[in-house]
Structure formats: C-alpha cells, structure tokens
Amino acid sequence: MCRWAAYRGNPLYLEELVSSPAHSLIEQSHCASRAKTATNGDGFGIAWYGDHPEPGRYRDILPAWSDCNLRSIAKQIRSPLFLAHVRAATSGGTRRDNCHPFVFGPWSFMHNGQVAGFDKIRRKLEAHLSDELFHARSGTTDSELLFLLSLETGMAKDPIGAVSRAIALVQKHAAEEGANPLVRFTAAFSDGKSLYAVRYASDQKPPTLYAAPMGPQGGYCLVSEPLNDDVDAWTEIPAGSAVLVTDDGLLTSAFSPAPFAKAA
C-alpha cells in the first residue's frame, strides 16, 4: 500500500508535509506505521498548483528518501494546494509513468489501494474511455485507469459522483468475469480549486485516511497516516466517506458506488 498527503489552504512550503514533520511523507516512505508494508520505495511524486490552471508535477522511480532533488524542491516550492505520494507497487511496474499523482488538464489524482483481478477486467474498463482519454493513458496501473474513468464519467461537473460511478464500473465488470469484485480505494484529487478525497472498500477494509487543520485561516491536511504524534490533532475519516475541502473548511459526506448510465 502507498502513502500520501494533500493540503489546501493558505500557501505553505511543500516541505511542511513532505520532509519536515517528525513522520513526514519521506519518513513514511521507509517506515510507514499504519500500512501493510512499512516500505514505500517504488517511486514518488508531487503535484502542486500555482499561477496556471494545470498543476506542476515532479515524479521519479527513486525511493523518496534517496532523492536529494525532492528535498530541495520541497524547500523552495510554496503552494496553496498540493498532492504528494510515495508508492508501494501493487499494479504496474516501477516506472515513472506509473508514479502518482496523475494529471489531466487541471485535474490531479493519487490513490492508495488495489483492484483485485485488475488484469482480467482492464480491457473492458479501457473500452469505456473516449479516444482522448484512452490516448492520455501512459502507464499501466489500476490507479491511473480509475482516474481516467472518473474523468469519463463526469468528474468535471460532479467529482465525487464520478468516482462513485467509476468504482461501480470496476465492480460490475469484475462480477461479470467471475472475479472477486474487491476494491480498496482511498484517493485524493483536485481541480486546483477544491480538494477532494474518498475512503471506500467493498470489503469494509479501506486504506486509512486522516485529516487535521494546518496553517492559518482554515487550511486542512489529508494524509494516509498522521505526520506527528499529536493524536488529538488528527481525525480519522470513517470508511465510506467523501471529503471536500474548500474556503468553507472541511466537509464529509457518505460515499458508495453508484451505477453509471450513458445518455441515450
């Protein structure tokens, strides 16, 4: 399982999540405490928003703890909204285009979890993509395909609903193939304005998700596991939840897959 952290609020330096805290994302890359695997050394990535609608992005296949450029970049880049991810591969080889976050237009997306029997249903899932989104797929992971399916099913207008429809498609095709329709999905995604997250699993064992206020005036951090030992500061997001972080603060709501029907 992977580890990730995301932030929305007044601009902060990326190092305040990525490298500075006692249990920073770099620390979690080789010593995660709330994951099945303690080491997340199959690459890393960061996406951040600045003066342009599209996010900046930096990814590599090196373990996060061994890339000196990551610490330097995190110390210099200041952003009001960013996503950061360290990878433990469950689907797809260790290559740069399989490292999160994935981006398309203004959207960025990162995921922790798995789709059981993904190879059996990948072709059927890809058939739902438009030519534009199919050709935008550069990697081989279930995570990237879930992102593209969410874009296909209406992420621009209904981000949380689109993710629910994409997961429903996965479970539908898995059941048709006689595969275990197991989906474990904790993801963060953004259009550069709002920060979204979903915590869900079809077997009620979703990867972890925590939230805490950060920075001045209503900023929030979403993480796979707390960045420090201040247990009172971190709230665990319940399974079956969607999260929205805006200027109004952090809001949670119930989440479950919803079938997608194309218009006639």
Side-chain angles (χ1 to χ4, degrees), residues 2 4 42-47 49 52-61 83 85 87 89-193 196-198 200 202 257-264:
C2 307
W4 59 252
D42 296 320
F44 67 88
I46 51 176
Y49 292 86
H52 302 283
E54 300 81 11
R57 182 173 57 165
Y58 175 60
R59 301 183 295 174
D60 209 338
I61 60 172
L83 283 62
H85 186 279
R87 184 170 183 247
T90 57
S91 171
T94 302
R95 41 188 266 198
R96 185 175 285 106
D97 51 12
N98 282 339
C99 293
H100 311 219
F102 304 102
V103 301
F104 184 87
W107 287 95
S108 56
F109 174 97
M110 61 186 179
H111 169 233
N112 175 26
Q114 65 184 107
V115 174
F118 174 65
D119 288 340
K120 293 182 178 180
I121 61 174
R122 178 175 59 188
R123 181 65 188 90
K124 285 190 173 183
L125 294 174
E126 289 175 341
H128 288 278
L129 299 177
S130 66
D131 287 346
E132 180 184 20
L133 290 173
F134 178 81
H135 291 300
R137 180 161 161 79
S138 61
T140 59
T141 64
D142 51 2
S143 302
E144 183 186 26
L145 185 49
L146 276 165
F147 172 43
L148 295 173
L149 285 170
S150 298
L151 290 166
E152 185 67 44
T153 56
M155 182 174 262
K157 294 183 178 180
D158 179 17
I160 298 297
V163 169
S164 74
R165 292 185 286 272
I167 293 174
L169 280 174
V170 171
Q171 296 184 159
K172 171 181 178 289
H173 287 306
E176 289 172 351
E177 291 296 316
N180 178 13
L182 171 63
V183 176
R184 290 178 179 162
F185 182 93
T186 297
F189 43 103
S190 178
D191 58 357
K193 300 174 183 176
Y196 304 87
V198 166
Y200 167 80
S202 56
F260 173 64
K262 288 190 175 180

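Throughout, numbering of the chain's residues begins at 1 and tracks the sequence. All values below come from the heavy atoms of this structure, side chains included, with hydrogens, waters and symmetry mates left out. All values derive from a computational prediction rather than experimental measurement.
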Return the minimal non-hydrogen interatomic distance between [X] and [Y], and the atom names on each side.
X	Y	value
Ala47	Pro55	CB-CB, 4.4 Å
Ala168	Ala258	CB-O, 3.5 Å
Gln171	Pro257	NE2-CG, 3.8 Å
Ser202	Leu182	OG-CA, 3.3 Å

Indicate yes or no for a side-chain donor-acceptor contact from [X] to the backbone of [Y] under 3.5 Å, with no hydrogens or angles considered.
X	Y	value
Asp142	Phe118	no
Asn98	Thr140	yes
Arg137	Glu144	no

Mind checking side-chain hydrogen bond (donor to acceptor under 3.5 Å, both in side chains) for [X] and listing every partner two or more places apart, or none if nothing turns up?
X	result
Glu54	none
Glu132	none
Tyr196	none

Sub-4.5 Å side-chain heavy-atom contact between [X] and [Y]:
X	Y	result
Ser130	Glu152	yes
Val115	Leu145	no
Phe147	Pro101	no
Thr141	Phe102	yes
Thr186	Trp4	yes

- Task: Output all residues satisfying salt bridge (charged side-chain N to carboxylate O under 4.0 Å, His left out) with Arg59, sequence neighbours left out; order by chain, then residue number.
- Result: none
- Message: List the residues meeting salt bridge (charged side-chain N to carboxylate O under 4.0 Å, His left out) with Lys193, not counting sequence neighbours, and say none if there are none.
- Response: none
Find the distance between [atom1] ([X]) and [atom2] ([Y]) and round it off to the nearest 0.5 Å.
X	Y	atom1	atom2	value
Asp60	Ile46	CG	CD1	11.0 Å
Glu126	Leu148	CD	CG	9.5 Å
Ile160	Arg165	CD1	CZ	10.5 Å

- Task: Check whether more than 12 heavy atoms from other residues, nucleotides or ligands sit under 6.0 Å from atom NZ of Lys124, and answer yes or no.
- Result: yes
Between side-chain atoms of residues 103-111 and protein atoms elsewhere (two or more places apart, or another chain), which donor-acceptor pairs fall under 3.5 Å?
residue	atom	partner	partner atom	Å
Ser108	OG	Tyr49	OH	2.9
His111	ND1	Ser143	OG	2.6
His111	NE2	Arg184	O	3.4

- Task: Show your reasoning for whether side chain to side chain contact (heavy atoms under 4.5 Å, CB included) applies to Tyr200 and Val163.
- Result: CA-CA 11 Å; Tyr200 167 80; Val163 169; over 6 Å; no
